[in-house]
Student: 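Structure provided below as structure tokens; questions to follow.
Heads up: numbering here begins at 1 and tracks the sequence. Because only heavy atoms are used, hydrogens play no part in the values below, and waters and symmetry mates are left out as well, while side chains stay in. Nothing here was measured: the structure is a model prediction, and the numbers come from that model.
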Amino acid sequence: MEKRAAYESVLPYVREWIAYKVWQLRLPGVQVAVGFEGQELFADAFGYADVEAGRRLTNSDLFRIASHSKTFTATALLQLADQGALRLDDTVGTFVPALVEAASPIADATVRELMEMGAGVVRDGADGDHWALAHPFPDADELVALVVAGGAKVPVGSAFNYSNLGYGLLGLVIEAVTGTSYADHVRTAITEPLGLTGTGAEFDPAREDEYVVGYTGLHTARTRQRVPHVTTGALAAATGFHGTASDLVRYFSAHVPGRGSLLSDHAKRLAQRKAWSALDSDPAARGYGAGFVVDRINGREVRGHSGGFPGQITQSVFDPASSLVVSVLTSSATGPATMLAYGIVHLLDAAADEHAPGAPVTADVDTDRYTGRFTTFEGITDIARVGDRLLAIDPTQPVPTESPVRLDVVDADTLRMASGNRFGSIDEDIVFTRDDSGAIVSVRGDSGMTQRPWSVPAESPEVAAALVWI
């Protein structure tokens with residue numbers, strides 16, 4: 001099956017799986033988009049933008065995408081380097097003279113070292129309570145003071161140390177080079193050329209009604225609380241951006257080598273090559289390039305970034321080789337954005353796997369006769385089309401394809417469990433019972449147990465609020 005067609009075959013199940021995870025984990029809201037070869041294949045929104053108000057989440061609602069901001073900052077710097085406006089080996093002190101005046105060792109760090117998180121800058125400073133909204137995010141003077149006070153925690157250029165303050169300094173570099181504000185520059189250089197109408201460098205009070213409400217998690221208390229939106233001051237270059245999943249798919253599609261004119265392919269390689277590993281003990285672990293996280297999913301090389309803003313967790317990944325892009329935005333402090341994004345990639349890979357075990361479904365078989373979600377009081381099973389195979393999947397798992405059962409079609413009302421974990425009922429049949437209209441009434445399958453159709457219950461805002469807060 002051609003790859004695009006394989007991806008499209010599983011997207012209906014991606015929608016069902018995400019909807020179930022939102023219900024299972026009682027998430028306020030989740031926005032998802034998938035792109036391939038520069039085109040959006042899928043976009044959907046689940047749950048509520050504002051639970052208490054009963055405002056359903058849409059594809060155009062704005063999320064705070066936090067550390068995704070670093071990719072925009074790195075992109076702007078690479079553009080300026082391509083234009084000859086700066087060199088990546090220029091020192092930050094050249095553009096932020098206050099560091100030189102304070103005799104900070106960080107003044108000698110290069111732009112490249114800051115981009116790659118190798119400049120020894122403290123992560124958030126001795127007082128990082130702006131993240132807890134105890135006081136405003138630092139302005140430029142306060143940012144420099146935090147950097148100076150922290151010194152170089154390791155020798156410049158000696159180790160990977162993720163730093164929001166370091167990327168704040170890079171925002172000051174952009175302002176010094178361009179003579180304009182950081183927000184204005186990234187708008188004219190990146191978001192407007194790409195048509196990213198839902199993306200900007202900072203919270204925009206004029207669009208407040210378009211933002212989702214972020215909520216605390218249920219890991220520290222029995223109820224969620226609303227988290228107010230705040231501006232991020234001089235840390236906008238590290239964490240200030242807002243956006244939508246669809247915009248992020250368009251944006252990261254432009255970072256695929258050979259596609260778009262946002263950056264030269266040379267600049268893309270500089271940004272996306274792995275400069276550091278996150279674990280000293282494992283050089284093969286996920287790491288960092290120049291503004292981009294470097295990781296592997298299911299053996300696939302991916303790039304992208306996550307984001308953690310008060311009340312919102314987000315994740316975008318893209319494959320520079322195939323052009324696949326997945327973005328997941330959640331409105332909870334414990335939102336499983338990374339788990340959901342990686343789970344989607346696993347589903348897409350399974351759909352495109354030409355060597356998957358089991359017999360391909362022939363073109364004359366109507367797979368819709370068998371697909372659905374079926375439950376007993378203690379278990380749940382999804383029967384889904386994934387590429388040209390039928391699979392039985394446990395949707396409660398973080399990786400839905402971790403231990404699937406491959407299903408062969410026997411007849412119009414029978415599937416055979418052809419391969420999978422043999423602690424189950426492999427080589428036995430799943431038998432469907434239908435009513436006079438042909439609708440599935442029950443399914444008897446694994447362990448000979450009868451399961452019945454189930455779907456995410458329809459919820460009024462009041463019921464949804466109760467489910468979210470319990």
Student: So which heavy atom on Leu248 is nearest to which on Ser327, and how close?
Tutor: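 Closest pair (atom of Leu248, atom of Ser327, distance): CD1-OG, 3.5 Å.
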Student: Does Glu16 pair with Lys21 as a salt bridge, N-O distance under 4.0 Å?
Tutor: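 No.
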Student: Would a 4.5 Å heavy-atom cut-off, applied to side chains only, mark Arg112 and Leu270 as touching?
Tutor: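 Yes, side chains in contact.
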Student: Closest heavy-atom contact between Ala152 and Val156?
Tutor: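 Closest heavy-atom pair between Ala152 and Val156: CB-CG2, 4.4 Å.
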Student: Is the backbone N or O of Gln397 less than 3.5 Å from a side-chain atom of Glu402, with the two atoms forming a donor-acceptor pair by type?
Tutor: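 No; zero donor-acceptor contacts below 3.5 Å.
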Student: Take the angle between the ring planes of His305 and Tyr288 and call it parallel below 30°, perpendicular above 60°, tilted in between.
Tutor: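 Perpendicular, since the angle between the ring planes exceeds 60°.
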Student: Can you give me the closest heavy-atom contact between Arg207 and Thr197, atom names plus distance?
Tutor: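 For Arg207 and Thr197, the tightest heavy-atom pair comes out as NH1-O, 2.9 Å.
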Student: Go through the steps for Leu57 and Val212 under the test side chain to side chain contact (heavy atoms under 4.5 Å, CB included), then give the verdict.
Tutor: CA-CA 8 Å; Leu57 184 65; Val212 301; 3.4 Å; yes
Student: Strictly distance-based, threshold 3.5 Å: is any side-chain N or O of Glu113 a donor or acceptor partner for the main-chain N or O of Thr110?
Tutor: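 Judged by distance alone, yes, a pair lies under 3.5 Å.
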Student: Between Gln83 and Ala85 (side chain of the first, backbone of the second, donor and acceptor by atom type, cut-off under 3.5 Å), is there such a pair?
Tutor: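 Absent.
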Student: Evaluate the criterion side chain to side chain contact (heavy atoms under 4.5 Å, CB included) for residue pair Thr381 and Val405; output intermediate values, then yes/no.
Tutor: CA-CA 10 Å; Thr381 301; Val405 175; over 6 Å; no
Student: Do the side-chain N and O atoms of Gln24 and Thr396 include a donor-acceptor pair separated by under 3.5 angstrom?
Tutor: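 No - no donor-acceptor pair under 3.5 Å links their side chains.
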Student: Tell me if a side-chain donor or acceptor on His242 pairs with a main-chain N or O of Glu202 at a distance below 3.5 Å.
Tutor: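 Checked: pair present.
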Student: Would you find a donor on one side and an acceptor on the other, under 3.5 Å apart, between the side chain of Ser331 and the backbone of Pro28?
Tutor: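 Not at all, since once roles are kept as given, no pair shorter than 3.5 Å links the two residues.
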Student: Using the ring of each side chain (for Trp, its six-membered ring), is Phe318 parallel, tilted or perpendicular to His255, with breaks at 30° and 60°?
Tutor: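 Tilted.
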Student: Using only heavy-atom distances, determine whether the side chains of Ser163 and Asn161 contain a donor-acceptor pair under 3.5 Å.
Tutor: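 Per modelled atom types, Ser163 and Asn161 side chains form no pair under 3.5 Å.
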Student: Taking only residues two or more places apart in sequence, or in another chain, which ones meet Arg187 in a salt bridge (Lys or Arg N to Asp or Glu O under 4.0 Å)?
Tutor: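 Arg187: salt bridge (Lys or Arg N to Asp or Glu O under 4.0 Å) contacts with Asp184, Glu192.
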Student: Regarding Tyr20 and Asp382, do their side chains bring together a donor and an acceptor under 3.5 Å, going by distance alone?
Tutor: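 Looking only at side-chain atoms, Asp382 and Tyr20 do not form any donor-acceptor pair under 3.5 Å.
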Student: Compare all side-chain heavy atoms of Thr338 with those of Val328 and state whether any distance is below 4.5 angstrom.
Tutor: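 Contact flag for Thr338/Val328 side chains = no.
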Student: I'd like to check the side chain to side chain donor-acceptor pair (under 3.5 Å) partners of Tyr251; sequence neighbours left out, ordered by chain and number.
Tutor: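 For Tyr251 the side chain to side chain donor-acceptor pair (under 3.5 Å) partners, ignoring immediate neighbours, are Thr71, Thr75.
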Student: Show, in sequence, the C-alpha distance, side-chain angles and deciding distance for Val317 and Val326, and conclude whether the side chain to side chain contact (heavy atoms under 4.5 Å, CB included) test is met.
Tutor: CA-CA 5 Å; Val317 295; Val326 176; 4.1 Å; yes
Student: Any chance you could measure Thr199, atom OG1, to Ile190, atom CD1, to the nearest 0.5 Å?
Tutor: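 Answer rounded to 0.5 Å: 10.5 Å.
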Student: Any heavy-atom pair between the side chains of Val302 and Val345 that's under 4.5 Å?
Tutor: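 Side-chain contact under 4.5 Å: no.
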Student: Does a side chain donor of either Arg64 or Thr232 reach within less than 3.5 Å of an acceptor in the other side chain?
Tutor: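 Short answer, no.
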Student: Hey, does the side chain of Arg303 reach the backbone of Gln272 with a donor-acceptor pair shorter than 3.5 angstrom?
Tutor: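 Checked: pair present.
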Student: Between Trp17 and Arg15, is there a cation-pi geometry (under 6.0 Å to ring centre, at most 45° from the normal)?
Tutor: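 No; the conditions do not both hold, so Arg15 does not lie above the ring face of Trp17.
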Student: Nearest 0.5 angstrom please: Leu99 CG to Asp108 CG, how far?
Tutor: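 The distance works out to 10.0 Å.
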Student: Tell me whether Asp280 at atom CG has more than 12 heavy atoms from other residues, nucleotides or ligands lying less than 6.0 Å away.
Tutor: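 At most 12 heavy atoms, drawn from other residues, nucleotides or ligands, come within 6.0 Å of this atom.
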Student: Looking only at side chains, do Asp82 and Ser264 share a donor and an acceptor under 3.5 Å apart?
Tutor: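 The answer is yes; a qualifying pair exists.
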Student: Tell me the closest heavy-atom pair linking Ser69 and Thr239, and the distance in Å.
Tutor: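 Scanning both residues completely, I find the closest heavy atoms to be OG-C, 3.3 Å.
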Student: For a side-chain hydrogen bond (donor to acceptor under 3.5 Å, both in side chains) with Asp61, tell me which candidate from Arg56, Arg55, Gln31 qualifies.
Tutor: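 Single pass found, and it is Arg55.
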Student: Side chains of Ser332 and Arg224 only: does a donor on one sit below 3.5 Å from an acceptor on the other?
Tutor: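 Checked: Ser332/Arg224 side chains pair up, N/O donor to acceptor below 3.5 Å.
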Student: Ring centres of Phe203 and Tyr211 under 6.0 Å apart?
Tutor: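 Centroid distance Phe203-Tyr211: below 6.0 Å, so yes.
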Student: Using 0.5 Å steps for rounding, measure from the OG1 atom of Thr334 to the NE2 atom of His219.
Tutor: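 One gets 6.0 Å once the value is rounded to the nearest 0.5 Å.
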Student: Out of curiosity, Thr73 OG1 to His185 NE2, how far, rounded to the nearest 0.5 Å?
Tutor: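 Atom-to-atom, Thr73:OG1 and His185:NE2 are 10.0 Å apart.
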Student: Are the charged groups of Arg87 and Asp90 less than 4.0 angstrom apart, N to O?
Tutor: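 Yes, this pair counts.
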Student: Judged by atom type as modelled, is there a donor-acceptor pair below 3.5 Å linking the side chain of Arg250 to the main-chain atoms of Leu194?
Tutor: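 Here the side-chain-to-backbone pair exists.
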Student: About how many Å separate CZ of Phe36 and CG of Leu11, when rounded to the nearest 0.5 Å?
Tutor: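 Interatomic distance, Leu11 CG to Phe36 CZ, rounded to 0.5 Å: 11.5 Å.
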Student: Are the side chain of Thr191 and the backbone N or O of Leu196 linked by a donor-acceptor pair below 3.5 Å?
Tutor: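 A pair under 3.5 Å: no.
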Student: Does Thr314 reach the main-chain N or O of Leu329 with its side chain, forming a donor-acceptor pair under 3.5 Å?
Tutor: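 Absent.
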Student: Looking at Lys3 and Glu37, does any basic side-chain N land under 4.0 Å from a carboxylate oxygen?
Tutor: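 So Lys3 does not pair with Glu37 through a salt bridge.
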Student: Which atom pair, heavy atoms only, marks the closest approach of Ala290 to Tyr167?
Tutor: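 What the structure gives for the nearest pair is C-OH, 3.9 Å.
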Student: Can you check whether His135 reaches Glu142 side chain to side chain, under 4.5 Å on heavy atoms?
Tutor: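 Heavy-atom side-chain distance check fails, nothing below 4.5 Å.
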Student: Kindly indicate whether the side chain of His229, heavy atoms from C-beta on, has any atom under 4.5 Å from the side chain of Gln312.
Tutor: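 Side chain of His229 against side chain of Gln312, heavy atoms only: contact under 4.5 Å found.
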Student: Enumerate, atom names and distances included, each donor-acceptor pair closer than 3.5 Å involving a side-chain atom of residues 169-178, sequence neighbours excluded.
Tutor:
from	atom 1	to	atom 2	distance (Å)
Glu175	OE2	Tyr182	N	3.0
Thr178	OG1	Ile174	O	2.8
Thr178	OG1	Thr180	N	3.3

Student: Check this for me: does any side-chain nitrogen of one of Asp50 and Arg226 sit under 4.0 Å from a carboxylate oxygen of the other?
Tutor: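 Looking at Asp50 and Arg226, the cut-off is met.
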Student: Show the nearest heavy-atom pair for residues Gly260 and Lys268, with the distance to one decimal.
Tutor: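 Smallest interatomic distance, heavy atoms only, reads O-NZ, 4.2 Å.
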Student: Is any side-chain heavy atom of Val399 less than 4.5 Å from a side-chain heavy atom of Tyr342?
Tutor: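 No, their side chains stay 4.5 Å or more apart.
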Student: Checking Arg300 side chain against Asp319 main chain: does a donor-acceptor pair fall under 3.5 Å?
Tutor: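 Absent.
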Student: Would you say the side chain of Asn164 lies within less than 4.5 Å of the side chain of Ser67, judging by non-hydrogen atoms?
Tutor: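 Touching, per the 4.5 Å side-chain cut-off.
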Student: Does any non-hydrogen side-chain atom of Leu347 lie less than 4.5 Å from one of Pro400?
Tutor: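 Yes, at least one pair of side-chain atoms sits under 4.5 Å.
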Student: Between atom CD of Gln315 and atom CG of Leu340, what is the distance when rounded to the nearest 0.5 Å?
Tutor: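 Answer for the CD-CG pair, Gln315 versus Leu340, is 10.5 Å.
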